[in-house]
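Report on the structure given below.
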Amino acid sequence: MSSFDSLDAFLFAASEAFCSPIALFIQIQRDNKEGDGGGWCVWREQANESSDKLGKKFDGLQSSCGANTIHGLLSAINLAGMLIVYDLTMFLATGVNLPRVSVVMPLKGFGEHNLHNWRTQITSLYGGPLEFLFVVESTEDPAYHAVNHLLNEYKDDVDAKIIVAGLSTTCSQKIHNQLVFTEQTPSRYFILKLYGFKLLMKVGVEKMHQDSKYVLFLDDDVRLHPGSIGALTAEMEKNPDIFIQTGYPLDLPSGSLGSYCIYEYHMPCSMGFATGGKTFFLWGGCMMMHADDFRTDRHGVVSELRDGGYSDDMTLAAIAGAHKRLIISPPVAVFPHPLATDLNFARYWNYLRKQTFVLESYTTRVNWIMNRALFSVHFYLSWGFVAPYLMSGIHVAAALRFYYKGYSVGEAAFLFSGLFLAACLAICTAIELFSMWNLTRIEVQLCNLLSPEAPPLSLASYNWCLVFIAMLVDNFLYPISAIRSHFSQSIDWSGIRYHLKDGKISKIERSKGKGPKYTDLGGKQLYGKKGSPNNYSFIRSLSRSFDQWRQPKKYDL
């Protein structure tokens with residue numbers, strides 16, 4: 001019994017301490033953080049307003065251009081799906097030539113959703129000239145053979161090719177794949193190197209089509225809408241001051257706690273839509289830029305990425321901030337992002353490590369200061385988010401012991417204050433979950449509007465209890481991951497270990513055959529047999545894609 005008495009004394013003392021002014025301050029700032037629901041409402045109104053405006057524009061286009069002008073497109077998809085290609089249709093109606101776009105897709109491994117994602121990328125409704133460049137590290141990558149099969153199917157319909165980039169030596173493999181748009185012979189590489197780094201990169205970038213006005217970088221986990229490329233291009237045409245145009249993912253959890261942690265981690269990114277489209281951060285999965293910026297290495301976009309760059313989006317965001325360039329995220333740039341069915345907690349943890357490791361890379365002193373500020377603020381807010389739940393748990397446990405032991409009210413009057421705080425926390429949590437549900441609902445509706453030909457998405461399978469647990473887990477682990485990334489200065493991602501020094505990649509280690517066989521987040525197979533297609537992986541993915549297509553309920557996430 002003495003042990004229970006000691007426990008009671010501890011609980012009562014802790015509960016009383018958690019009613020102090022400092023504890024109240026932590027509780028209040030946490031509740032303010034949950035007030036982000038107002039931002040969700042702003043985003044909802046902007047999304048609805050954008051849809052209404054596009055619908056009115058399209059109705060006006062019908063009456064001015066006549067039904068025959070768009071009859072072929074309307075017979076393919078319904079009116080809702082045409083909203084985001086309004087500007088393209090207007091270009092066609094007025095006789096304006098659409099600009100050429102080069103779509104660059106750095107690939108690594110092959111998984112269950114890749115085939116369907118690639119199909120959505122190369123079957124765009126964009127009416128202008130397009131070229132698709134699939135870039136792989138080597139022919140041993142399973143993605144190489146999978147893309148070959150896919151392009152053979154569409155060889156008469158799309159301008160697409162596969163490029164083998166080789167191994168990166170000065171930057172991350174993804175950045176290397178993004179910048180090496182074609183294979184260069186060793187002799188030419190050596191000659192150009194004598195004239196300096198910029199000239200080498202300029203020649204490499206000029207290998208893409210000389211008439212390309214824009215370059216669009218897409219990750220292989222991006223599922224495009226039919227008119228996404230057209231909508232992004234139209235925005236670039238309307239506002240030449242745009243430096244980078246980006247979008248954000250709508251995560252579709254697979255059911256595991258790890259997938260819900262990814263969903264919860266990405267949700268705040270959507271707040272960029274609540275700022276009228278202007279933002280200061282990027283999602284590397286979708287970035288459209290001016291091709292000439294790469295041809296001329298404007299602002300050092302090529303050299304900064306190539307010279308020790310680890311994160312493409314963070315580096316480009318830092319460049320945009322340093323030169324006061326505009327980053328835009330239009331309301332239509334929300335893309336379904338299905339997560340791997342085998343995304344376990346260990347893979348989520350390594351993904352979180354990768355995200356915190358990004359803050360250790362930087363290009364300038366100002367960029368370093370900004371990353372340190374983000375590190376500190378996120379550190380404080382994350383544990384500040386978790387702490388009130390710990391406090392409330394103490395309050396509730398103390399109240400239960402108080403009731404069980406039959407103490408008088410005068411002996412523990414502070415417990416009523418603690419229970420009141422716990423009740424306030426419960427209300428705030430309910431508001432926060434409702435806000436996340438509302439934002440997800442609007443994004444799901446928008447994705448269904450933009451892809452009417454695809455099986456509809458829904459909220460039916462979202463487990464909001466797991467969402468709540470994911471919030472606690474994610475905010476608790478983020479500071480731990482950030483501390484580990486800061487002191488280790490290295491990360492293993494997709495079988496490659498990167499080491500940083502002074503914010504730049506200083507060493508790259510590859511241990512093929514000894515590292516992981518699958519990527520941490522996507523569950524994609526990383527290695528195949530040299531010189532021969534990975535038939536098992538490819539056929540299995542084909543089978544899964546077919547099953548998903550025949551059974552729309554699997555998309556009802």
Side-chain angles (χ1 to χ4, degrees), residues 98-110 114-115 117-124 126 128-168 171-185 188-189 200-224 228-230 232-233 236 244-247 284-295 297 301-302 305-306 309 312-313 316 335 524:
L98 295 174
R100 175 178 285 273
V101 178
S102 293
V103 183
V104 180
M105 292 159 282
L107 308 179
K108 179 71 174 180
F110 182 66
N114 287 146
L115 186 63
N117 294 343
W118 295 336
R119 288 183 186 276
T120 66
Q121 292 171 359
I122 66 176
T123 56
S124 171
Y126 183 62
L130 270 174
E131 67 170 345
F132 297 91
L133 307 176
F134 293 88
V135 190
V136 296
E137 173 186 305
S138 70
T139 56
E140 297 182 46
D141 195 318
Y144 175 82
H145 306 289
V147 172
N148 258 326
H149 282 78
L150 182 65
L151 296 189
N152 285 336
E153 180 182 346
Y154 290 91
K155 60 182 178 181
D156 297 327
D157 302 314
V158 297
D159 178 10
K161 55 187 174 183
I162 306 175
I163 298 171
V164 179
L167 302 180
S168 63
C171 60
S172 68
Q173 187 64 46
K174 178 184 176 181
I175 291 178
H176 179 73
N177 288 7
Q178 287 174 322
L179 297 182
V180 181
F181 292 161
T182 191
E183 189 175 5
Q184 300 175 3
T185 60
R188 192 174 186 187
Y189 179 90
L200 168 64
M201 288 310 306
K202 181 179 178 181
V203 173
V205 171
E206 285 182 347
K207 288 289 187 173
M208 69 176 164
H209 199 285
Q210 61 181 0
D211 295 330
S212 290
K213 188 174 183 180
Y214 304 111
V215 57
L216 174 62
F217 296 104
L218 292 176
D219 282 357
D220 57 7
D221 55 0
V222 174
R223 184 164 294 179
L224 288 186
S228 293
I229 297 179
L232 294 173
T233 304
M236 299 289 283
I244 305 174
Q245 196 172 185
T246 187
C286 175
M287 301 184 298
M288 176 173 277
M289 301 179 65
H290 295 271
D292 282 342
D293 288 346
F294 285 87
R295 293 191 179 103
D297 194 15
V301 294
V302 173
L305 287 170
R306 174 67 69 183
D312 54 338
D313 45 15
L316 291 173
F335 307 107
K524 298 180 293 184

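A quick note: this is a predicted structure, and the numbers were derived from the prediction, not measured.
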Please give me the minimum heavy-atom distance between [X] and [Y], naming the atom from each residue.
X	Y	result
A160	L151	CB-CD2, 3.7 Å
L107	N177	O-ND2, 3.5 Å
A165	V135	CB-CG1, 3.6 Å
V158	I122	CG1-O, 3.3 Å
M288	I229	CE-O, 4.4 Å
Q121	F132	O-CE2, 3.1 Å

Can you confirm whether [X] sits close enough to [Y] that some side-chain heavy atom of one is under 4.5 Å from a side-chain heavy atom of the other?
X	Y	answer
L130	S124	yes
D292	R295	yes
L232	L216	yes
D220	M105	no
V147	F110	no
L179	V104	no
T233	P99	yes
K174	K108	no

Approximate separation, where rounding is to 0.5 Å, of [X] [atom1] and [Y] [atom2]:
X	Y	atom1	atom2	result
N114	R223	CG	CZ	10.0 Å
Q178	S172	CD	OG	7.5 Å
E153	H149	CD	NE2	11.0 Å
M287	Q245	CE	CD	12.5 Å
H290	Y214	NE2	OH	5.5 Å

Main-chain N/O of [Y] paired with [X] side-chain donor or acceptor, under 3.5 Å:
X	Y	answer
D312	I175	no
D219	D221	no
E137	H176	no
D293	D297	no

(message) Holding to side chain to side chain contact (heavy atoms under 4.5 Å, CB included), I want the full list of residues that pass it with S102, two or more places apart in sequence or in another chain.
(response)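 Testing S102 for side chain to side chain contact (heavy atoms under 4.5 Å, CB included), a comparison that skips the adjacent residues, returns E131, M208, S212.
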
(request) Sequence neighbours left out, what passes side chain to side chain contact (heavy atoms under 4.5 Å, CB included) with N148? Give chain and number order. (result)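 N148 satisfies side chain to side chain contact (heavy atoms under 4.5 Å, CB included) with Y144, I162 once adjacent residues are dropped.
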
(message) Ring-plane angle category for F134 and W118, please: parallel below 30°, perpendicular beyond 60°, tilted otherwise.
(response)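 Because their plane-to-plane angle is over 60°, the rings of F134 and W118 count as perpendicular.
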
(message) Applying side chain to side chain contact (heavy atoms under 4.5 Å, CB included) to V164 and D141, what does each step give before you reach the verdict?
(response) CA-CA 10 Å; V164 179; D141 195 318; over 6 Å; no

(message) For V103 and L133: C-alpha separation, side-chain torsions, deciding distance, then whether side chain to side chain contact (heavy atoms under 4.5 Å, CB included) applies.
(response) CA-CA 6 Å; V103 183; L133 307 176; over 6 Å; no

